[in-house]
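Worksheet: the structure to be examined is printed underneath.
Proteins get letters first, then strands, A, B, ... in listed order; numbering begins at 1 in each. Every heavy atom of this structure was used, including side-chain atoms; hydrogens, water molecules and symmetry mates were not.
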Amino acid sequence: MPRKTTEGWLFDAYPEPEGMRVWIIERGGGRRSVLDCWRPAFHAGGDARALKRISDILAGLPYPVETAWVDKKELFSDATLRVLEIRVPVLERDRLVKRLVAMEFALYDADMHLVQAYHYDRGHFPLALCRFRLDGGILSSFELLDDPWSVDYEIPSLRFLHLSLSGSDIAGRVDPNHAAFGRLSLTMDGRTSELEGGARDQLETLARRLRVFDPDVVTSDWGDSVLMPELERLSNEHRIPLGFSRDQGRGVEGKKDRSFFTYGRAVYQGGARYFFGRWHLDGKNSFMLRETDTDGLFEIARIAKIPVQRAARCTIGTSLSSMQMAWASTHGVLIPMEKQQAEDFRPATELLAADKGGLVYEPDVGWHRNVAEYDFTSMYPEMMVRRNISPETVNCPCCPENAVPEVGHHLCTKRRGLVPSVLEPILLKRARYKALAKAGGPDAASYKRRAAAHKWCLVTCFGYLGFKNARFGKIEAHECVTAWGREVLLRAKDSVESRGYRLLHALVDAIWIELRPGADLEELRLLIEREAECPLALEGVYEWIRYCPSKEDALSGVPGRYFGAFTNGELKIRGIALRRRDTPSLLKAMQRELLERLARVEPGGDLKALVPALLDIVSDYRLRLREGRVTAEELAITFHLSREPGEYVHDTVSSLAAKQLAATGVTLHAGETVRYVITAASDAVKEWRSKPLALMEHGLEYDAKKYLELLERAAWEVLDGLVPPPAPKRRPQAVKPPELPLLWS
DNA sequence: AAAGTACGGGG
DNA sequence: GTGTACGTACTTT
């Protein structure tokens, strides 16, 4: 058997009966697969009797089992436990674990994703550069030449092939679920070609291109939900194997589609299609790809040790979980099968104090000039790292004196927590990427996307602490974070006000200060940062900023609704129609035009002087609506289904649009998106009230009166406070959108 | 008046 | 293979 060493990147890994099949992209360009005879380990604890019973079961298994006694740490108690380490063939683990769990044995490290467990155990990660020692087809050892925390790692030069359906995005159709199956397009080396001929010819061409070009990555639009399933069907029907997997012995693995809830909204994920020895990445079914492209995706795969195809499709919570498990695994800490920690009992009064989230002030409603905004950078992760907040460090038996403000919890000072240990390198790496991006250069954009990927990890980490199903979550730890966050903001407020500045607004991790002439911004920043004990950055100085009033009560403000222009002319907009996905793009464009005009005011200039120009803008849009100079695209309302169409109780224009689509045979899931136009908002015939773009065959029909109403509302949202309030008519509140002739004539 | 429903955030 | 916030605005019944 030939022995050799080769330098290359660990490209793919998946289980086989004898171990892990590993694909390597060699520095010289070769693609080869080898077998790593690895077996996963899990651990069993319990008393002597229980372990004896396990030994008996293991002895009766028809395959080889390795066992050893090892000492491991139990995370929450910090106790050392002697446990039985069990190693079995990869493909046997899940069945054995299921059997032992059913017999109520205490198992650890037993339900991790197998490929992730492989990476933790071996100490490598996806896309790691290694020197591999090969013994024929066997991977006998390797040397890691890479570091997941390095910022300037090399990525192998990958061959991409992009698959899409032409005609799948036509006429505002959101995805091909709602359109006919189009023609297949291939893009390689920047050249796109449409496949010609009937299904047979197209399949043969595709199979040939895959074979000849041999891509490492097949990217697609809607590959998971539509393209791959359809190609599979055709491939079976015409008996033309496509060879998507580079591994000749493997087909394509399918995962079922699902709808789930996250951040209070439904998400629909099309069933995944995984390849072997090659990747399939569906750009339309991956949050990470959409947000951060392959730069962020590879970054996540490397630090979370999750295979790239999977990292593309899983939520960041899963990636974060993996980082925590990797940390536990390398630090000899036992990983529980599922979340077992119950919430500690607390008296009702404490619960009340602890349940508050971030601190929120009511802004000083109105238009303001010369305002500085400072943000605490990564406030929650910073608190976790700085204050050592982790599920196992909360209310430890040893440090009652290290109290957390308000909530009645305390934190350990003796033992470094798992969560801060995992977060600290992420915070540092993100800061390095941000600095590199700021420095410019050819890779600046790539660094920026990697920093964005890290940002998502940091954002998620806080939420995950309070998630009841998280393996390492604990609600008390979550409460400590928000409590410290509130303390930081309170200190900042005191710090600002004690220097005689006026605080206009404060929101979780941001503060807005009315500046005095000659104020030293950096001095102020340092002062607040020192007193609040959290890193602070100047977000910018506003030439003007408006805090919008509540529409229920014109005298009170809404914390998250404001817009302003920085002195450099850039806009920051929050909470108004322009920011909402369900606002027609026509109205977004109008609001943006108004705001951009306002942003061009000369320093210290009079905003009210711009009113005539602003009213002209509104008039133009109004006229366009009246004269029909608008497209369906501009009027379309994008609407996110929170349930299946049939489950809606009320017939809103949105649910009616969804129901119409469903009636034509389109299966819509919670979490999917429908775009529609309001055709006749109050028509007695409900199906005539709105129309999905996908069903729009003839000319555009729209409810001009309704859209004009929405337009006035959107215009008013920006202009309120600059133009005189409309005379009250039947409705007494001055904040209601004005009647047309009164204000705009 | 009450209940149903959608949205944002982070950059 | 997983975060069912939480407050506001608007609509339907």
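A:F639 places its CZ atom 14 Å from the C1' atom of C:dC10, with the value rounded to the nearest Å. Between A:E712 atom CD and C:dC10 atom C1' the separation is 17 Å, expressed in whole Å. Atom P of nucleotide B:dG8 and atom NZ of A:K572 are separated by 16 Å, given to the nearest angstrom. When rounded to the nearest whole Å, the span between CG of A:L571 and C1' of B:dG11 equals 16 Å. The nearest whole Å value for the distance from the CG atom in A:L587 to the C1' atom in C:dA9 is 16 Å. One interatomic measurement links the two molecules: NZ of A:K438 to C1' of B:dG11, which rounds to 15 Å at whole-angstrom precision. The distance between atom NZ of A:K706 and atom P of C:dT12, rounded to the nearest whole Å, is 7 Å. If you measure from atom CG of A:D582 to atom P of B:dG8, you get 7 Å, rounded to the nearest angstrom.
Contact annotation: A:R713 reaches the phosphate of C:dT11 (side-chain N/O to OP1 or OP2, under 4.0 Å). At the phosphate of B:dA6, OP1 or OP2 sits under 4.0 Å from a side-chain N or O atom of A:S642. Of the side-chain N and O atoms in A:R561, one or more sit less than 4.0 angstrom from OP1 or OP2 of C:dA9. Phosphate proximity of C:dC10 to A:K551: present, with a side-chain N or O under 4.0 Å from OP1 or OP2. A:R581 has a side-chain polar atom (N or O) that falls below the 4.0 Å cut-off from OP1 or OP2 of B:dC7. Dashed line: the shortest gap from a side-chain N or O of A:T315 to OP1 or OP2 of C:dG1 is not under 4.0 Å. A close approach under 4.0 Å does occur between a side-chain nitrogen or oxygen of A:K686 and OP1 or OP2 of C:dT13. For B:dT5, one of the phosphate oxygens OP1 or OP2 lies less than 4.0 angstrom from a side-chain nitrogen or oxygen of A:R643. For A:Y433, no side-chain nitrogen or oxygen approaches OP1 or OP2 of B:dG11 to under 4.0 Å. At C:dG1, none of the side-chain N or O atoms of A:R258 fall inside 4.0 Å of OP1 or OP2 (strictly under the cut-off).
A heavy-atom distance below 4.5 Å is found between the side chains of A:E299 and A:K429. Within the 4.5 Å cutoff, side-chain heavy atoms of A:I389 are placed close to those of A:W484. Counting only heavy atoms from C-beta outward, the side chains of A:V151 and A:L436 approach each other to under 4.5 Å.
Here the separation of C:dT4 from B:dT5, taken at their C1' atoms, is 15 Å to the nearest Å. Comparing the same atom, P, in B:dG9 and in C:dA9 gives a spacing of 14 Å after rounding to whole Å.
Residues A:W279 and A:Y14 keep their aromatic ring centres 6.0 Å or farther apart.
Residue contacts shown for A:H640 are limited to sugar-phosphate atoms, with no base heavy atom under 4.0 Å away. Across all strands, A:K434 comes closer than 4.0 Å to no nucleic acid atom at all (heavy-atom distances). Within 4.0 Å of A:G575, counting heavy atoms only, lie sugar-phosphate atoms of the nucleic acid but no base atom. No contact: A:S654 has no heavy atom under 4.0 Å from any strand.
Set against C:dA9, B:dG9, C:dG1, the side chain of A:K255 has C:dG1 as its closest nucleotide. Listed nucleotides: B:dG4, B:dG11, B:dT5. Nearest to the side chain of A:H650: B:dG4. Side-chain atoms of A:R580 lie closest to B:dA6 of the nucleotides B:dG11, C:dG1, B:dA6.
A salt bridge between A:R449 and A:E291 is absent, with no side-chain N of the basic residue lying under 4.0 Å from a carboxylate O of the acidic one.
Classification of the A:F275-A:H280 ring pair by plane angle, with boundaries at 30° and 60°, yields parallel.
Using Watson-Crick or G-U wobble geometry with both donor-acceptor distances under 3.5 Å, C:dC10 finds its partner in B:dG4.
The number of heavy atoms from other shown groups lying within 6.0 Å of NZ (A:K448) does not exceed 12.
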